[in-house]
Amino acid sequence: MHSGTHVDAPSHFIKDGITVDQLPLDVLIGPAFVANFPKADSVTPDFLEALDLPRETTRLLIKTRNSALWSNPNHVFNPDFVAINPEAADWIVNRGIRLIGIDYLSIQRYKDPEPLTHRILRGTGVIIVEGLCLQNVYAALCTLICFSIKLGGREDA
């Protein structure tokens, strides 16, 4: 269930959290802002503050140097991928973002000792989309249509 582009349901990291078939569909479709952080090693609040994000933004997709990895479909897993640190997760929650997406297989750094970024986001109801292929997407406002497969009782799809 965690290959390619996928949506993490709260039950992925939270006991008794909702499953993918219970996700609010209105969050999975609508305007989204694509941010490009080509020089980031980790997405921090400083990067997010510098965005000049429109106030009404509730869906944020993050493009990083990870996107270049998708040009080679046979690339090996890169444990040094760019991800969101816990402080940036707090920023996302406090800003009212309801959906966050990133261009690699996890929203959280591989080297983190515990799933804090996941817990901050999922614990507050933020929908996480991982594994986005954004290599040919420009930083701009776009329309996101990201329906997950409605598999009852599953943690993600």
Side-chain angles (χ1 to χ4, degrees), residues 1-10 12-13 20 23 27-122 124 126-149 151 154-157:
M1 297 299 295
H2 274 91
S3 61
T5 303
H6 63 277
V7 177
D8 277 354
H12 180 54
F13 279 100
V20 73
L23 291 172
V27 181
L28 297 168
I29 185 169
F33 189 86
V34 178
N36 187 13
F37 303 129
K39 297 184 182 191
D41 290 324
S42 178
V43 177
T44 65
D46 290 339
F47 282 104
L48 297 168
E49 281 294 331
L51 275 179
D52 194 24
L53 198 61
R55 179 58 43 203
E56 66 279 0
T57 302
T58 58
R59 296 170 199 85
L60 178 61
L61 308 179
I62 297 177
K63 178 181 179 178
T64 69
R65 60 181 161 81
N66 297 334
S67 284
L69 297 170
W70 297 120
S71 63
N72 177 4
N74 297 317
H75 80 274
V76 296
F77 175 73
N78 178 2
D80 293 322
F81 61 87
V82 180
I84 296 172
N85 74 14
E87 295 79 18
D90 283 330
W91 186 98
I92 289 162
V93 169
N94 293 330
R95 183 64 165 63
I97 302 296
R98 295 183 63 205
L99 180 144
I100 185 74
I102 197 156
D103 59 350
Y104 208 61
L105 302 177
S106 181
I107 202 87
Q108 178 170 313
R109 297 173 297 192
Y110 183 73
K111 63 185 174 189
D112 286 352
E114 61 178 275
L116 187 56
T117 297
H118 274 100
R119 285 195 180 120
I120 291 167
L121 295 169
R122 293 307 319 141
T124 55
V126 176
I127 293 176
I128 299 170
V129 183
E130 297 171 329
L132 291 168
C133 181
L134 299 174
Q135 67 189 65
N136 295 317
V137 177
Y138 297 100
L141 193 60
C142 67
T143 298
L144 175 70
I145 301 172
C146 181
F147 294 127
S148 59
I149 301 170
L151 299 173
R154 301 300 300 198
E155 69 175 54
D156 55 29

| query | Pairs in or reaching into residues 44-63: which pass side-chain hydrogen bond (donor to acceptor under 3.5 Å, both in side chains), with residues at least two apart or in two chains? | reply | Glu49-Trp91
| note | Taken to the nearest 0.5 Å, the spacing of Leu23 CG from Ile127 CD1 works out to 4.5 Å
| query | Just by distance, do the side chain of Arg95 and the backbone of Leu53 share a donor-acceptor pair under 3.5 Å? | reply | yes
| Can you name the one residue among Ile128, Thr117, Ile102 that meets side chain to side chain contact (heavy atoms under 4.5 Å, CB included) with Gln108? | Thr117
| request: For Leu99 and Val27, work out which heavy atoms get closest and say how close. | output: CD1-O, 3.6 Å
| message | Give me the atom names and distance for the closest heavy-atom approach of Leu141 to Ala32. | response | CD1-O, 3.3 Å
| note | Between Asp41 and Arg65 the two heavy atoms that sit nearest each other are OD1-NH2, 3.1 Å
| note | Closest non-hydrogen atoms of Pro86 and Ile120, given as atom of the first, atom of the second and distance, are O-CD1, 3.6 Å
| In Å, rounded to the nearest 0.5 Å, how long is the span from OG1 of Thr64 to CZ of Phe37? | 9.5 Å
Using distance only, find each side-chain donor-acceptor pair of residues 72-84 under 3.5 Å and give its atom names and separation, not counting sequence neighbours.
residue	atom	partner	partner atom	Å
Asn72	OD1	Asn74	N	2.9
His75	ND1	Leu69	O	3.1
His75	ND1	Asn72	O	3.1
His75	NE2	Tyr104	OH	3.3
Asn78	OD1	Asp80	N	2.9

| task | Write out all pairs satisfying side-chain hydrogen bond (donor to acceptor under 3.5 Å, both in side chains) with one or both partners inside residues 135-147, taking only residues at least two apart or from two chains. | result | none
| field | Distance, nearest 0.5 Å, that separates CD1 of Ile62 from CG of Asn36 | value | 10.5 Å
| Which pair of non-hydrogen atoms, one from His118 and one from Ile107, has the smallest distance, and what is that distance? | NE2-CG2, 3.6 Å
| field | 4.5 Å side-chain heavy-atom contact, Leu121 and Val93 | value | yes
| Contact summary for Ser42 and Phe47, nearest pair of heavy atoms | O-CE1, 3.5 Å
| query | Is there side-chain contact between Val137 and Asp103, with heavy atoms separated by less than 4.5 Å? | reply | no
